[in-house]
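No hydrogens, no waters, no symmetry mates; every other heavy atom, side chains included, goes into these values. Quick caveat: nothing in here was measured; it's all calculated off a predicted structure. Chain identifiers are assigned alphabetically (A, B, ...) following the order of the sequence lines, protein sequences preceding nucleic acid strands; residue numbering begins at 1 within each chain.
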There are 2 protein chains.
Amino acid sequence: MAVVPLKALIYPSGESPISSPLADLDAFANAGLGWRRVKRGETAYLAGDKFNAIYGVRSGFFKVGNVAAMGREQVMGFFMRGEIFGLEGIGAGRYDGTATALEDSELAMLPFALMERMAQENPAMQRELHAILAREITRDHGIMMLLGSMTAEQRLAAFLLNLSRRFVRRGYSPSEFHLRMTREEIGSYLGLKLETVSRVLSLFQKKGLLGVQQKHISIVDIAGLESVYRQR
Amino acid sequence: MAVVPLKALIYPSGESPISSPLADLDAFANAGLGWRRVKRGETAYLAGDKFNAIYGVRSGFFKVGNVAAMGREQVMGFFMRGEIFGLEGIGAGRYDGTATALEDSELAMLPFALMERMAQENPAMQRELHAILAREITRDHGIMMLLGSMTAEQRLAAFLLNLSRRFVRRGYSPSEFHLRMTREEIGSYLGLKLETVSRVLSLFQKKGLLGVQQKHISIVDIAGLESVYRQR
DNA sequence: CGCAGTTTTGATTCATCTCAATTTGTGTGG
DNA sequence: CCACACAAATTGAGATGAATCAAAACTGCG
């Protein structure tokens, strides 16, 4: 049996944007694991769907959001190439959010039952799985921090710095990028209204921290952004 | 070897306030697992400590908080008997919060390496472990929802209803309880200032939803609270 | 190439914060 | 057991950051 590291299941070819202790594993290569194309605007799963797999982004960009009781959407996360989403489903056995592609994308499906079985037999795979879950917990705590105690400016600064770091790890420019999501989606993610997001972006531009051209962002002064984030 | 369900490690005697598919497992009983008394105001661990175990509350009440950069504390969670905390440590190998007892308490220490080893050999234990991690993710998402899109009144209502549900599961009254934490800690958890917490509590009282006597809360109108929570 | 969806910007309102004073409760030592 | 001191909670008044409502400008999709 061929030994296939997890990363190879997510990334098309040899590349490994994410550094993590990768498990040697074989079953995936054969097993029901599939790849799936999802076009912009289409969904990988809907809130309420039965949970069976987590997803790795091979290419493209996703949002996972939760349409709560009364129409208002809450975006729980954005995911780019090499990142994994769908973990919110594990608890209840159903996804509690809807995953929507923000651009034409490719997904690797990682059936959870299979992952569990493999983790059972392979300590490295187990570590990998726990790392994935732990990363999600850490990520969520960071967001709680943001939402619980930061101003609109700090939230936006943190958001942009976080995006920048993630882009850079994937080999893109840290300072020039294209937002795939609308102001409304950013706002939902950060607990702000779209007008506020727009205003703060304009403010940052006026302060000389950013260049903003609709969805094109260029970070002019990273240190400045960081100090906005830390201020107070 | 005696077969000991996980719950028995957390609860002193036979009782099982939490319903979950419990693993049959033995190693714990013998292994390095320990119990620990923590007095009110003392800590189970500090932010930055090396992560080695997660904790089950056998009795008492804990808060886990994160003193970010500039003095301002952010409370990430409150934990009562039968609940498990310390999971934030798994990701980085260090706890990123400080766990403080809000009353004299007893903790069960669950060494994580041991749990992983056991999960490796015992599918039921593995399921248990994943359930613990998944529950934390679900919990965090709920809090993100709160913080991202709810008013002060809705947050307080959700908080009280959540406490009530948790108390009831442990065999306490759903409508009469004693808050172990200060208004400031509640506020930090909910992304509000202590004065706001106090005001909203007073408002609820005036509306006839609650009786408030400092830390004694009696929920007079659960349905009313629920409708506050859902309103809009 | 036109139009719907998105973004920007302005004016105003409102919820929550901040600052401040008072009351109430709690733990400690005489 | 009482009294004192300190911490926690309540309440008020005013300031403020973000939301809301509204209009105009942009733009990229079909």
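- For DNA chain D, the contact window with chain B, defined by any atom under 4.0 Å from a protein heavy atom, covers D:dA8 to D:dA13 in 5' to 3' order.
- Side-chain contact between B:Phe204 and B:Val228: present, with at least one pair of heavy atoms (C-beta onward) separated by less than 4.5 Å.
- The shortest distance between side-chain heavy atoms of A:Ile222 and A:Ile219 falls below 4.5 Å.
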Per-pair distances, 0.1 Å, donor-acceptor, side chain in residues 190-200 of chain B, under 3.5 Å, sequence neighbours excluded:
none

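- Here the range on DNA chain C touched by chain B, meaning any atom under 4.0 Å from one of its heavy atoms, is C:dT16 to C:dG25.
- Residues of residues 200-218 of chain B having a heavy atom closer than 4.0 Å to DNA chain C, listed by number: B:Gln214.
- Direction change of the helix axis from one end of the helix from C:dC1-D:dG30 to C:dG30-D:dC1 to the other is 50°, with five pairs defining each end axis (rounded to 10°).
- Side-chain atoms of A:Val57 and A:Phe62, non-hydrogen and from C-beta on, do get closer than 4.5 Å to each other.
- For A:Arg40, there are no salt bridge (charged side-chain N to carboxylate O under 4.0 Å, His left out) partners at least two apart in sequence or on another chain.
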Could you go through residues 87-96 of chain A and list every donor-acceptor pair under 3.5 Å that involves a side-chain atom there, pairing it with any protein atom two or more places apart or in another chain?
residue	atom	partner	partner atom	Å
A:Glu88	OE1	A:Gly97	N	3.4
A:Glu88	OE2	A:Tyr45	OH	2.8
A:Glu88	OE2	A:Gly86	N	3.2
A:Arg94	NH1	A:Gly48	O	2.6
A:Tyr95	OH	A:Ala53	N	3.2
A:Tyr95	OH	A:Ala53	O	2.4

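- Between B:Ala101 and B:Ser105 the shortest heavy-atom distance is CB-OG, 4.0 Å.
- Side-chain contact between B:Leu210 and B:Leu160 is present, with heavy atoms from C-beta onward closer than 4.5 Å.
- Within 4.0 Å of A:Gly41, counting heavy atoms only, lies no atom of the nucleic acid at all.
- Judged as a side chain to side chain donor-acceptor pair (under 3.5 Å), the pairs with a partner in residues 139-155 of chain B (not counting sequence neighbours) are, in order, A:Glu136-B:His141, A:Asp140-B:His141, A:His141-B:Asp140, B:Glu136-B:Arg139, B:Thr151-B:Gln154, B:Glu153-B:Lys207.
- Between B:Phe61 and B:Phe79, the closest side-chain pair of non-hydrogen atoms is not below 4.5 Å.
- The shortest non-hydrogen separation linking B:Gly56 to B:Ile84 is CA-CG1, 4.1 Å.
- Around atom CZ of B:Phe51, more than 12 heavy atoms belonging to other residues, nucleotides or ligands sit under 6.0 Å away.
- Residues A:Met145 and B:Asn66 come closest through the heavy atom pair CE-O, 3.8 Å.
- A search for side chain to side chain donor-acceptor pair (under 3.5 Å) contacts involving A:Ser227 returns nothing, not counting sequence neighbours.
- Mapping B:Arg40 and B:Gly191 onto DNA chain C by nearest heavy atom places B:Gly191 closer to the 5' end of the strand.
- A heavy-atom distance below 4.0 Å to DNA chain D is reached by these residues of residues 173-189 of chain B, ordered by number: B:Thr182, B:Arg183.
- Qualifying side chain to side chain donor-acceptor pair (under 3.5 Å) partners for B:Glu103, counting only residues two or more places apart in sequence or in other chains: B:Arg180.
- Applying the salt bridge (Lys or Arg N to Asp or Glu O under 4.0 Å) test between A:Glu106 and each of A:Arg36, A:Lys39, A:Arg37 identifies A:Arg37 as the sole match.
- For residues 147-154 of chain A, proximity to DNA chain D is found at A:Thr151, A:Ala152, defined as any non-hydrogen atom under 4.0 angstrom from a strand atom.
- Salt bridge present: B:Arg170 and B:Glu83 bring a charged side-chain N and a carboxylate O closer than 4.0 Å.
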